[in-house]
Amino acid sequence: MSLLVACGLHREAAIIARPGVVVVAGGGDAARLERELEAAVAGATAVVSCGVAGALDPALRAGDVVVGTLNHSRHPGPVPGSTVPQNLRPEHARHGGPRDEPGVTETGTGREFIGWLAHHLPEAHAGTIVGADTIIASAAEKSALYAQTGAIAVDMESHIAARVAARHGLPFAILRTISDTADHALPPAALVGMNPDGSVALGAILKSLAKNPAQLSALLRIGRDAGAAFRALGRALGALEAVGIGRLDLRELGLDMR
């Protein structure tokens with residue numbers, strides 16, 4: 001019995017990994033993430049989407065913890081001022097942007113699981129998180145998505161993990177920490193910074209920086225904020241490990257919230 005956890009980056013996976021937890025890093029490849037989650041789901045007691053996320057709610061700051069479930073709204077479409085290259089925008093993605101997932105429903109045990117997480121992470125912000133197949137990079141896109149969905153954050157794995165959980169009738173929850181705030185755009189180097197296996201694409205980052213040195217200050221800010229998010233993720237998971245998340249029996253959640 002184990003928790004099956006979906007994330008994007010190798011660094012996230014290294015923070016998440018612990019006894020009783022099986023981690024799959026998607027690296028921004030939705031199809032591969034889904035295949036690998038399906039291959040690992042046997043014996044799982046729940047599915048969790050975990051890692052860093054972009055804020056949509058302007059009140060969220062770098063390092064804040066968010067807990068919740070999937071928002072089912074669709075992406076509102078491209079907005080003026082997008083910093084995402086044309087070929088990376090939602091209308092060019094294989095599955096589009098943030099997804100409407102028919103058939104993905106929240107079970108009673110899933111709600112209890114989210115409640116358990118929130119109970120043991122009292123500083124966490126509760127809300128829905130929207131899943132995207134492409135990076136939501138500009139402040140204008142984040143603002144439009146927040147107005148259209150009401151979701152507090154966005155990531156690239158939650159809609160995939162929720163679909164796998166629903167397919168197998170497993171409880172699902174999202175635990176994320178904020179790495180970029182709603183008012184900050186991601187610089188071009190950040191958009192090419194992940195290899196398909198979830199590792200850091202250092203060569204692509206340096207190439208982008210050499211082409212556009214003016215983005216250095218924004219890239220340094222993103223690095224600082226991401227560091228805060230990774231540290232917060234480690235603290236949150238450490239707190240949950242202390243109360244036995246790797247040994248959690250979800251059948252008992254409705255009876256015991258200690």
Requested in this report: To the nearest 0.5 angstrom, please state how far the CZ atom of Phe230 sits from the CG atom of Leu9.
Outcome: 5.5 Å

Requested in this report: Name all residues meeting the salt bridge (Lys or Arg N to Asp or Glu O under 4.0 Å) criterion together with Arg32; count only those two or more places apart in sequence or in a different chain, and write none if there are none.
Outcome: Glu36

Query raised in the report: In the single-linkage hydrophobic clustering (I, L, V, M, F, W, Y; side-chain heavy atoms under 4.5 Å), do Ile15 and Val200 co-cluster?
Result: no

Query raised in the report: Is Ile205 linked to Met156 within one hydrophobic cluster, defined over Ile, Leu, Val, Met, Phe, Trp and Tyr using a side-chain heavy-atom separation of less than 4.5 Å?
Result: no

**Report entry** Pairs where residues 217-246 contributes a residue and the test salt bridge (Lys or Arg N to Asp or Glu O under 4.0 Å) is met, not counting sequence neighbours
**Finding:** Arg18-Glu241

Query raised in the report: Can you get from Ile178 to Leu219 by hopping between Ile, Leu, Val, Met, Phe, Trp and Tyr side chains that sit under 4.5 Å apart?
Result: no

Report task. Locate the shortest heavy-atom distance separating Ala25 from Ala13; write the atom from each residue and the value. Result -> CB-CB, 4.4 Å

Query raised in the report: Do any N or O atoms from the side chain of Gln148 and from the backbone of Leu145 form a donor-acceptor pair under 3.5 angstrom?
Result: no

**Report entry** Ile152, Leu121, Thr128, Thr177 screened by side-chain contact (heavy atoms from CB on, under 4.5 Å) with Val66, the one that passes
**Finding:** Ile152

Query raised in the report: Among the clusters formed by ILVMFWY side chains lying less than 4.5 Å apart, do Leu191 and Leu206 turn up in the same one?
Result: no

Query raised in the report: For the atom pair OG (Ser199) and CE (Met194), what is the distance rounded to the nearest 0.5 Å?
Result: 9.5 Å

**Report entry** For Asp180 against Lys142, the heavy-atom pair lying closest together
**Finding:** OD2-NZ, 2.6 Å

Report task. Group every Ile, Leu, Val, Met, Phe, Trp and Tyr by side-chain heavy-atom contacts under 4.5 Å, then state whether Leu209 and Ile135 land in the same group. Result -> no

Requested in this report: To the nearest 0.5 angstrom, please state how far the CG atom of Leu186 sits from the CD1 atom of Ile136.
Outcome: 10.0 Å

Query raised in the report: Are His10 and Asn195 linked by a side-chain donor-acceptor pair shorter than 3.5 Å?
Result: no

**Report entry** Full working for side-chain contact (heavy atoms from CB on, under 4.5 Å) between Cys7 and Val23
**Finding:** CA-CA 7 Å; Cys7 66; Val23 189; 3.7 Å; yes

Report summary line: Here the gap from Asp155 atom CG to Glu157 atom CD, rounded to the nearest 0.5 Å, amounts to 5.5 Å

**Report entry** Worked check of side-chain contact (heavy atoms from CB on, under 4.5 Å) between Val130 and Tyr146
**Finding:** CA-CA 9 Å; Val130 67; Tyr146 182 54; over 6 Å; no

Atom pairs and distances, donor-acceptor, side-chain atoms in residues 164-175, under 3.5 Å, two or more places apart:
| residue | atom | partner | partner atom | Å |
| --- | --- | --- | --- | --- |
| Arg167 | NH1 | Glu34 | OE2 | 3.2 |
| Arg167 | NH1 | Glu38 | OE2 | 2.3 |
| Arg167 | NH2 | Glu34 | OE2 | 2.7 |
| His168 | NE2 | Glu38 | OE1 | 2.8 |
| His168 | NE2 | Glu38 | OE2 | 3.3 |

Report task. Measure the CZ-CD1 distance between Arg35 and Ile160 for me, rounded to the nearest 0.5 Å. Result -> 11.5 Å

Report task. Tell me, with the steps shown, if Leu117 and Ile245 meet side-chain contact (heavy atoms from CB on, under 4.5 Å). Result -> CA-CA 9 Å; Leu117 292 173; Ile245 190 170; 4.1 Å; yes

Query raised in the report: Does the side chain of Leu33 come within less than 4.5 Å of Val24's, by heavy atoms?
Result: yes

Determine all donor-acceptor pairs shorter than 3.5 Å in which one atom belongs to a side chain in residues 47-60; sequence neighbours excluded.
| residue | atom | partner | partner atom | Å |
| --- | --- | --- | --- | --- |
| Ser49 | OG | Ser158 | OG | 2.7 |
| Ser49 | OG | Arg176 | NE | 3.4 |
| Ser49 | OG | Arg176 | NH2 | 2.6 |
| Asp57 | OD1 | Ala59 | N | 2.9 |

Query raised in the report: With sequence neighbours excluded, what pairs up with Ala118 under the side-chain contact (heavy atoms from CB on, under 4.5 Å) test?
Result: none

Query raised in the report: Is Val22 close to Leu3 at the side-chain level, that is, under 4.5 Å between some pair of heavy atoms?
Result: no

Report task. Please report the closest heavy-atom contact between Ala30 and Asp133, naming both atoms and the distance. Result -> CB-OD1, 3.6 Å

**Report entry** Qualifying salt bridge (Lys or Arg N to Asp or Glu O under 4.0 Å) pairs with a residue from residues 199-216, counting only residues at least two apart or across chains
**Finding:** none

Query raised in the report: Short question: side chain of Asp64, backbone of Arg61 - any donor-acceptor pair under 3.5 Å?
Result: yes

Query raised in the report: Nearest heavy-atom pair of Ala161 and Leu37: which atoms, and what distance?
Result: CA-CD1, 4.0 Å

